[in-house]
Protein chains: 2
Amino acid sequence: MKKRPIQEIRAFTRWYTDVIGLLDQHLLDSAWSLAEARLIYEIHAARHIQASQLIEMMHIDKSYLSRLLKKLEKEKIVSKKKSPGDGRAFLLSLTEKGQREFGMLNSASDEQIGRILEPLSEAQREELVGHMKAVMQLLNVKPDNYE
Amino acid sequence: MKKRPIQEIRAFTRWYTDVIGLLDQHLLDSAWSLAEARLIYEIHAARHIQASQLIEMMHIDKSYLSRLLKKLEKEKIVSKKKSPGDGRAFLLSLTEKGQREFGMLNSASDEQIGRILEPLSEAQREELVGHMKAVMQLLNVKPDNYE
DNA sequence: AAAAATAGTTGACTTTGTCAACTAAATGTC
DNA sequence: GACATTTAGTTGACAAAGTCAACTATTTTT
């Protein structure tokens, strides 16, 4: 295998790691840790979801998740009700407060991306998205292939 | 500002966050933490560098850095000598063992990227690199703009 | 010659994440 | 339908990662 493309991809990855770090920083100003914010995000996206599914999706330790959820319940962000079909399991969803919290996190993220796009023209923004989609398509890493 | 490109960029970022997580996993098998490995990487790249510069580059707390360096010195990966020009400062560099360690980490990273590129043709690899470069160019986020 | 700033270290602490053992319910097996 | 096995989630004990403030020793500024 040729060396050069590998080096270029590693350079991109290092750079984007930094970008992600910057994007995540707004979370430092929020009341939530990164893990909590992702949890809020995932529960919002799923609307109703079991802890076991979150474990699979997020590759997170179940004891850790259990404690994160406990905190989010205490803060009235997440509510838990018994699964109708499975007596061991619970269905998690966002409370109204949780929805509002999600909305705030979400629009903070949007604004942050917005600021980054500021200097670009409409056409450049489209280009950017095109390149990103192309990267995703070419490099369609299936997490499960690497576990 | 339009909503759609923002959502697409956020989707890309989430996806690439996962990719980076997978790429970082090989470090779990190494003797070094993520922070230590990055330190080894940065010191290698700079050849000689002061802790204060690392703090700036890596956005890392100075007490934390101090302890990481202490461990790397103990393990004979990094060596420290007094800066000729500044009596408070030290110049850090990799020992021979450090160089070897860097070499191992580095080729493990290369191999991992190599595996991801496996399914792609030579032409596709070039395409991929092209898209990545375009993203970097368009989105040339200067970390300092966001501090 | 102070005063202020910078380089790095240390102590005390918080946050984040992991591992193993456990309870309770569900599923598979004979 | 009783037993063994697996699955969902919780808890205790701990380890790793990261932060904050105070400190020493130099260097720079005024």
Those residues of residues 84-91 of chain A lying under 4.0 Å from DNA chain C by at least one heavy atom: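 Within residues 84-91 of chain A, the residues near DNA chain C are A:Asp86, A:Gly87, A:Arg88.
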Given A:Pro5, which of B:Ile113, B:Val129, B:Leu120 fulfils the side chain to side chain contact (heavy atoms under 4.5 Å, CB included) condition?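 With A:Pro5 as partner, side chain to side chain contact (heavy atoms under 4.5 Å, CB included) holds for just one option, B:Val129.
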Name the pairs: protein N/O against N/O of nucleotides 12-15 of chain D, kept only if under 3.5 Å.
| unit_1 | atom_1 | unit_2 | atom_2 | d |
| --- | --- | --- | --- | --- |
| D:dG12 | N7 | A:Arg67 | NH1 | 3.2 |
| D:dG12 | N7 | A:Arg67 | NH2 | 3.4 |
| D:dG12 | O6 | A:Arg67 | NH2 | 2.3 |

Atom CZ of B:Arg10 and atom CE of A:Met132: how far apart are they, to the nearest 0.5 Å? 13.0 Å
Round to a whole Å and report the spacing from [atom1] of [X] to [atom2] of [N].
X       : N      : atom1 : atom2 : result
B:Leu34 : D:dA17 : CG    : C1'   : 11 Å
B:Lys71 : D:dG18 : NZ    : P     : 12 Å
A:Asp61 : D:dG9  : CG    : C1'   : 12 Å
B:Leu27 : D:dA17 : CG    : C1'   : 15 Å

[X]: what forms a salt bridge (Lys or Arg N to Asp or Glu O under 4.0 Å) with it, not counting sequence neighbours?
X       : result
A:Arg4  : A:Glu8, B:Glu126
B:Arg14 : none
A:Lys70 : none
A:Asp86 : A:Arg88

If you look at every strand shown and take non-hydrogen atoms under 4.0 Å, does A:Lys80 touch a base, only sugar-phosphate, or nothing? sugar-phosphate
Test side chain to side chain contact (heavy atoms under 4.5 Å, CB included) applied to [X] - qualifying residues, sequence neighbours left out:
X       : answer
A:Ile20 : A:Tyr16, A:Asp24, B:Thr13, B:Thr17, B:Ile20
B:Lys80 : B:Glu73, B:Phe90, B:Leu92
A:Ala35 : A:Ser33, A:Tyr64, A:Leu68

Here's a test of your reading of the structure: between A:Lys82 and A:Leu65, which maps to the more 5' nucleotide of DNA chain C?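 Closest to the 5' end, via its nearest nucleotide, is A:Leu65.
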For the helix from C:dA1-D:dT30 to C:dC30-D:dG1, what is the angle between the axes at its two ends, each from 5 pairs, rounded to 10°?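 That helix has its two terminal axes inclined by roughly 30°.
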Interface limits on DNA chain C, where chain A has a heavy atom under 4.0 Å of a nucleotide atom: C:dT16 to C:dA26
Hydrophobic cluster membership, with links at side-chain heavy-atom distances under 4.5 Å among I/L/V/M/F/W/Y: are A:Leu39 and A:Leu23 in one? no
Would A:Leu27 end up clustered with B:Ile6 when hydrophobic side chains under 4.5 Å apart are linked, directly or stepwise? no
What closest approach, in Å, do A:Arg125 and A:Leu117 show between heavy atoms, and which atom pair accounts for it? NH2-O, 3.1 Å
Between side-chain atoms of residues 96-104 of chain B and protein atoms elsewhere (two or more places apart, or another chain), which donor-acceptor pairs fall under 3.5 Å?
| unit_1 | atom_1 | unit_2 | atom_2 | d |
| --- | --- | --- | --- | --- |
| B:Lys97 | NZ | B:Glu75 | O | 3.0 |
| B:Glu101 | OE2 | B:Trp32 | NE1 | 3.1 |

